[in-house]
Amino acid sequence: FLTAFLLTYSEIRRPLPVTKFWRRRYLEIGVPFLAWTGIYWVATVIGSGDWTQAGSLLWNDLVFGYYQLYFVVVLLQLYLVFPFLLRALRATRHHLAVMSASLLFALALAADLHYAEYFGAVGGVTRSIMSVWPFSRDPITYQEQFIAGILVALHFDRVRLFVERRWRQVIGAAVVIGVVATVWYLGAVWTGTQTGHAADLYQPVAFLWFTAAVAALECGTWAWYRRQVRRRRAGIAARWPAVCSAENLAGLTGGIFFCHVVFLNVIRNALGGTGIAPHLGWAGLIAVTFVMTMLCAGGCTALLLRTPLGWVFTGPVRAEQRARLGMDSAETHTADTQDEVTPGAGPH
């Protein structure tokens, strides 16, 4: 969703020819992908001590993506179709129908993936495709979130006005759907379904939950940011230091995505090797692992961003992206501190 939203927003403000768009996007995300694929590949081979499978392992990581890097493989495919998809969506006025059809297709595909045995020949075709190219790497699996991101960007002013009025209801609805998804999972486990299958990310209830969660997170972020703007307008000092500003934290996200698994593995091994894990309990172990992983990954990314090769290991540099879009701090603060936003107003 965020990828499609930001791609669309940037293309509305500073449209690029298709070939230049591809060149920039593939360079910005492709170089870090190759760099971290190499790092994880070397670490995996050294950790296993088996170099006989090094070649096939490297090929597998490049094609399918190592662990969390699978999503870069998805992004590379989405970049390929984005210019044409955006052009098609801007050429039609039936956006509500497009969004509805996209959601229905996502639910049908999720049902087929999760309950393939009930879909006869269609389920058989689905399993055949999965044996060659996993649906977790297929952009079709994520088309609903991607189309939603594009459409929200195209109708940003209207969506923002809706969020201003209904953000509490959106978050409340997401909480309800989250409870339903959890009860659904528990019901599946209690009736004999294995936990792995019950927690499958590619099932209808999960897609509904993902959509609701994205909407709630965006509404919550908007409400938080509006509160910070009002505090600045009132002359109240921010509680967080400047290094924890929204802009700086956003700049860390790419690097954290790429490097956090390094620290996750190191911390898990360290906690297990020292014998501390049993004393923490399940909840304590999860909390300590999460906090330490995020702190280490965030600190590592902050240091990398200060080096000339920061973009090689952290992905697109957010400050440079904002500069390309003409979004300097003065313009951003002027737009953000407007009391009211009317349809069609602002830089959108």
Side-chain angles (χ1 to χ4, degrees), residues 29-76 134-137 182 185-186 189 193-202 206 210 213 217 243-244 248-307 309-316:
I29 198 71
V31 171
F33 172 72
L34 293 176
W36 281 104
T37 295
I39 291 172
Y40 287 119
W41 173 70
V42 170
T44 302
V45 173
I46 293 177
S48 65
D50 182 11
W51 287 89
T52 60
Q53 302 297 321
S56 60
L57 178 64
L58 178 60
W59 175 253
N60 186 80
D61 287 347
L62 288 172
V63 175
F64 298 109
Y66 170 87
Y67 199 61
Q68 88 281 17
L69 297 185
Y70 80 93
F71 199 69
V72 178
V73 175
V74 176
L75 290 181
L76 295 175
F135 273 92
S136 60
R137 274 73 169 171
T182 304
Y185 163 79
L186 294 174
V189 174
T193 303
Q194 293 183 351
T195 55
H197 188 64
D200 181 18
L201 300 178
Y202 307 102
F210 295 156
L217 286 169
V243 72
C244 293
N248 287 334
L249 291 177
L252 298 176
T253 55
I256 290 175
F257 168 78
F258 282 114
C259 76
H260 77 275
V261 174
V262 170
F263 299 103
L264 175 61
N265 291 333
V266 170
I267 291 168
R268 288 178 62 187
N269 292 334
L271 292 176
T274 57
I276 298 176
H279 302 286
L280 293 175
W282 180 83
L285 179 62
I286 294 299
V288 170
T289 303
F290 176 79
V291 171
M292 292 182 65
T293 299
M294 292 299 294
L295 288 176
C296 291
C300 176
T301 301
L303 293 176
L304 288 172
L305 286 172
R306 295 178 177 272
T307 67
L309 294 178
W311 69 277
V312 174
F313 297 102
T314 66

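Note that the CG atom of Leu34 and the CG atom of Leu62 stand 6.5 Å from one another [nearest 0.5 Å]. Between the CG atom in Leu271 and the CD1 atom in Ile267 there is a gap of 7.0 Å [rounded to 0.5 Å]. One finds the CG atom of Leu304 at 7.0 Å from the OG1 atom of Thr314 (value rounded to the nearest 0.5 Å). Atom CG of Leu252 sits about 9.5 Å away from atom SG of Cys259, to the nearest 0.5 Å.
The two residues Val73 and Arg137 come nearest to each other via the heavy atoms CG1-CG, 4.3 Å. Minimum heavy-atom separation, Phe33 to Asp61: CZ-O, 3.8 Å. Residue Cys296 comes nearest to Phe263 through the heavy atom pair CB-CD2, 3.6 Å, listed as atom of the first residue, atom of the second, then distance. Closest non-hydrogen pair, Tyr40 versus Leu69, comes out as CD1-CD1, 3.9 Å. Minimum interatomic distance between Trp41 and Ala54 (heavy atoms only, all atoms of both residues): NE1-O, 2.9 Å. Here the shortest heavy-atom pairing between Trp311 and Pro32 reads O-CG, 3.4 Å.
Using a distance-only test at 3.5 Å, with no hydrogens or angles considered, a donor-acceptor pair links the side chain of Ser56 to the main chain of Gln53. A donor-acceptor pair under 3.5 Å links the side-chain atoms of Asn265 to the main chain of Val261, judged by distance alone. His197 places no side-chain N or O within 3.5 Å of a backbone atom of Gln194 that could act as its donor or acceptor partner. No donor-acceptor pair closer than 3.5 Å links the side chain of Thr193 to the backbone N or O of Val189. Side-chain atoms of Trp51 never come within 3.5 Å of backbone atoms of Ile46 as a donor-acceptor pair (strictly under, hydrogens ignored).
Within a 6.0 Å radius of CZ in Phe64, other residues, nucleotides and ligands contribute more than 12 heavy atoms. The environment of Arg268 atom CZ is sparse: at most 12 non-hydrogen atoms of other residues, nucleotides or ligands sit within 6.0 angstrom.
Residues Phe258 and Val72 are in side-chain contact: their nearest non-hydrogen atoms beyond the backbone lie under 4.5 Å apart.
Under the 3.5 Å distance criterion, with hydrogens and angles disregarded, no donor-acceptor pair is assigned to the side chains of Ser48 and Asp50.
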**Report entry** Derivation and outcome, side chain to side chain contact (heavy atoms under 4.5 Å, CB included), residues Tyr185 and Thr195
**Finding:** CA-CA 8 Å; Tyr185 163 79; Thr195 55; 3.8 Å; yes
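Of the candidates Leu305, Ile39, Val31, Thr301, Phe313 forms a side chain to side chain contact (heavy atoms under 4.5 Å, CB included) with just one, namely Ile39.
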